[in-house]
Amino acid sequence: MLRLLVAVMLLGGIAQAQWVMQDSGTTASLRGVHYVGEGVVWASGTGGTVLRTVDMGKSWQKCAVPPGAEKLDFRGLQAFDAKTALVMSSGKGDLSRLYKTTDGCATWTLMATNPEKDGFWDSVRSPLPEFTEESPASSALVLGDAVNGRTQIWEWKEGWGERELELTKLAPLRTDGKEGSFAASNSVLQTALGAQTDKTWKFEFWWASNASGKSYISFHRVESTAACEPCRAESGQVALPVFANGSSSGVFSFGFRSQKAGVAVGGDYQHENFRDHVAAWSSDAGLTWKAAKTDPGGYRSAVAYSEKLKTWITVGPNGTDASFDDGRNWQALEPGLKDVEGADRGWNALSLPFVVGAKGRIGLLREATVTSARKGYEMEKADRAKAKKKK
């Protein structure tokens, strides 16, 4: 009984806010964030907004707005260090652009513009360093909505030809013509390192999309050796049991914590409290997905894994949730009496330990809260197992 009481008390620790609010100095809606490490974090959003900190958010710097970007919505962000970052805007046709800075965001250079007049860019991701001949900052993958029945995935490399031609299409999977991804948190495109030997290696990238009331995660895998590069390439697509019932619903974010374990979240952003089948998990490298047993509290726009805390965190406009069992079950993380009202909600994107959201909101993860919640979860789980044995 005492052990169970302690577990309940620890679970009560969930009632302490998991996000420590920071002063961003802006009211822009933030949808991009990237924690580089060693105190360096970048964030981006509406109105051509880009922010940077080098002291874990104690002070945020508002960067120079890229030329002509005053009305752009920067939803994708890939940073590399305190001086170097790529930022991607989302919008129809040439409103989707890729900019780069190498001087700590004092100046920007336009690197590429979407050449498809009906296209819309959703996410940007740099290839893994192992597969980049030069600096990782010299190339990127860009995911866009399907155009003319074909998936739009581009590779950008610095120095390729004319500005508008610095993109090469990859993995042109055919679709039903209506397939698209959500530019909600820059987390619908992921890169992964496949199985390797001394003689061969595989590089994979995955992307999430939605069409005709269904959600999908697709992949493109390249296998190479010293003799041929690439030797073989293949693409595939699998369906997810994540709610998708119209243009405002589907999968909005996914990630892998290992080559096998993955989690996906979503829902309907126009009905943020709907929570039936808004999360799924995979234990076989994304080849199959199962619906969560206990869902998050509604629509979720971003999910990320904390290796340090062994915990998945997901966020959305109406709350924050944690999973300690690889996405099978989720439980809410809520603010305490002494915390800022609404500290758990209004969030768009994650790059742990940071979160960003509407009206310039930025939060830093309070690790002690999650640690306490996890201990309570483990103790309660152990007690349930013991009770089951007695029966």
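Scanning both residues, Ser181 and Asp145, for their nearest heavy atoms gives N-OD1, 3.0 Å. The minimum heavy-atom distance linking Ala322 with Leu333 is given by the pair CB-CD1, 3.9 Å. The two residues Asn114 and Gly119 come nearest to each other via the heavy atoms ND2-C, 3.5 Å. Scanning both residues, Phe256 and Ala285, for their nearest heavy atoms gives CE2-C, 3.9 Å. Residue Leu287 comes nearest to Val238 through the heavy atom pair O-CG1, 3.3 Å, listed as atom of the first residue, atom of the second, then distance. Of all heavy-atom pairs spanning Glu179 and Ala211, the tightest one is CA-CB, 3.6 Å.
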Can you list the steps and then say if Met56 with Leu364 is a side-chain contact (heavy atoms from CB on, under 4.5 Å)? CA-CA 8 Å; Met56 288 297 287; Leu364 174 64; 4.0 Å; yes
Could you please spell out the steps behind the side-chain contact (heavy atoms from CB on, under 4.5 Å) verdict for Glu204 and Thr191? CA-CA 6 Å; Glu204 305 171 0; Thr191 56; over 6 Å; no
Could you walk me through whether Gln61 and Leu51 pass side-chain contact (heavy atoms from CB on, under 4.5 Å), step by step? CA-CA 6 Å; Gln61 167 199 356; Leu51 308 175; over 6 Å; no
Verify side chain to side chain donor-acceptor pair (under 3.5 Å) between Ser301 and Asn348, making sure each step is shown before the conclusion. CA-CA 6 Å; Ser301 62; Asn348 294 326; 4.7 Å; no
Run Ser139 and Lys157 through side-chain contact (heavy atoms from CB on, under 4.5 Å) and show every step you take. CA-CA 4 Å; Ser139 60; Lys157 281 193 176 181; 3.8 Å; yes
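The closest side-chain heavy-atom distance from Arg257 to Asp326 is below 4.5 Å. Contact annotation: the side chain of Val40 never approaches that of Thr53 to less than 4.5 Å [non-hydrogen atoms, C-beta and beyond]. Under the 4.5 Å side-chain criterion, counting only non-hydrogen atoms from C-beta, Thr107 is not in contact with Thr109. Within the 4.5 Å cutoff, the side chain of Leu352 has heavy atoms near those of the Ile313 side chain. In this structure the side chain of Thr314 never reaches within 4.5 angstrom of the side chain of Val263, judged on heavy atoms. Residues Trp330 and Trp312 meet the side-chain proximity criterion, which asks for heavy atoms closer than 4.5 Å. Contact annotation: the side chain of Val124 approaches that of Asn186 to within less than 4.5 Å [non-hydrogen atoms, C-beta and beyond]. Contact check for Ser323 versus Asp325: side-chain heavy atoms found under the 4.5 Å cut-off.
Atom OH of Tyr35 is separated from atom CD of Glu38 by 8.0 Å, given to the nearest 0.5 angstrom. Between the CD1 atom of Ile217 and the OG atom of Ser209 there is a distance of 8.5 Å, given to the nearest 0.5 Å. Rounded to the nearest 0.5 Å, atoms CD (Gln259) and CG (Asp284) are 13.0 Å apart. For the atom pair CG of Leu30 and CZ of Phe354, the computed distance is 13.0 Å after rounding to the nearest 0.5 Å. Going from atom OG of Ser96 over to atom CE of Met88 covers 6.5 Å, rounded to the nearest 0.5 Å. Once rounded to the nearest 0.5 Å, the distance linking OG of Ser123 with CD of Gln190 reads 7.5 Å.
A donor-acceptor pair is defined here as one N or O able to donate and one able to accept, closer than 3.5 Å; such a pair exists between the side chain of Ser24 and the backbone of Gly360. No donor-acceptor distance shorter than 3.5 angstrom exists from the side chain of Glu272 to the backbone of Gly267, with no hydrogens or angles considered. In this structure a side-chain-to-backbone donor-acceptor pair under 3.5 Å is present from Ser282 to Thr288. Judged by distance alone, the side chain of Ser89 and the main-chain N or O of Leu95 form a donor-acceptor pair under 3.5 Å. A donor-acceptor pair under 3.5 Å is formed between the side chain of Asn318 and the backbone N or O of Gly297. A donor-acceptor pair under 3.5 Å links the side-chain atoms of Gln152 to the main chain of Arg150, judged by distance alone. Checking side-chain atoms of Trp121 against main-chain N and O of Gly91 turns up no donor-acceptor pair under 3.5 Å. Checked by atom type and distance alone, the side chain of Ser215 never pairs as donor or acceptor with a backbone atom of Ala244 at under 3.5 Å. Between the Ser258 side chain and the Ala261 main chain, a donor and an acceptor come within less than 3.5 Å of each other. Side-chain atoms of His34 never come within 3.5 Å of backbone atoms of Trp42 as a donor-acceptor pair (strictly under, hydrogens ignored).
Looking at Trp19 and Thr320, their side chains do bring a donor and an acceptor atom within 3.5 Å of each other. Asp73 and Ser90 share no side-chain donor-acceptor pair at under 3.5 Å. Side-chain contact, Ser235 with His220: a donor N or O sits under 3.5 Å from an acceptor N or O. Residues Ser185 and Ser187 have side chains that bring a donor and an acceptor to within less than 3.5 angstrom of each other. Judged purely by distance below 3.5 Å, without hydrogens or angles, the side chains of Gln78 and Ser126 never pair a donor atom with an acceptor atom. Judged purely by distance below 3.5 Å, without hydrogens or angles, the side chains of Asn329 and Thr294 pair a donor atom with an acceptor atom. Between Asn245 and Ser249, the side chains place no donor N or O within less than 3.5 Å of an acceptor N or O (distance only, hydrogens not considered).
Phe205 and Tyr216 are not part of a single hydrophobic cluster, where members link through side-chain heavy atoms under 4.5 Å apart. Cluster membership for Leu309 and Val355, using ILVMFWY side-chain heavy atoms within less than 4.5 angstrom, is shared. One hydrophobic cluster holds both Leu350 and Trp347 under the rule that ILVMFWY side chains link at heavy-atom gaps under 4.5 Å. Tyr305 and Trp289 sit in two unconnected hydrophobic clusters of ILVMFWY residues. Membership requires side-chain heavy atoms under 4.5 Å apart, directly or through other members. Residues Trp156 and Phe80 share a single hydrophobic cluster, defined by chaining ILVMFWY side chains whose heavy atoms lie under 4.5 Å apart.
Phe182 forms part of a hydrophobic cluster together with Phe252, Tyr269, Tyr299, judged by ILVMFWY side-chain heavy-atom separations under 4.5 Å.
For CG of Asp23, the number of neighbouring non-hydrogen atoms (other residues, nucleotides, ligands) closer than 6.0 Å is 12 at most. Around the CD atom of Glu70, the shell of radius 6.0 Å holds more than 12 heavy atoms that belong to other residues, nucleotides or ligands.
Ring centers of Phe274 and Phe243: under 6.0 Å apart, within the cut-off.
The aromatic rings of Phe74 and Tyr99 sit perpendicular to each other, their planes meeting at more than 60°, with 30° as the lower class boundary.
Sorted by first and then second residue, the salt bridge (charged side-chain N to carboxylate O under 4.0 Å, His left out) pairs involving residues 298-323 (not counting sequence neighbours) are Arg300-Asp321, Glu307-Lys310, Lys308-Glu367. Listed by first then second residue, pairs satisfying salt bridge (charged side-chain N to carboxylate O under 4.0 Å, His left out) with a partner in residues 87-105 read Lys92-Asp118, Lys100-Glu158, not counting sequence neighbours.
The side-chain tip of Arg328 points at the ring of Trp281 from less than 6.0 angstrom away and within 45° of straight on.
At a threshold of 4.0 Å, the pair Lys83-Asp81 does not count as salt-bridged, since none of the basic side-chain nitrogens sits closer than that to a carboxylate oxygen.
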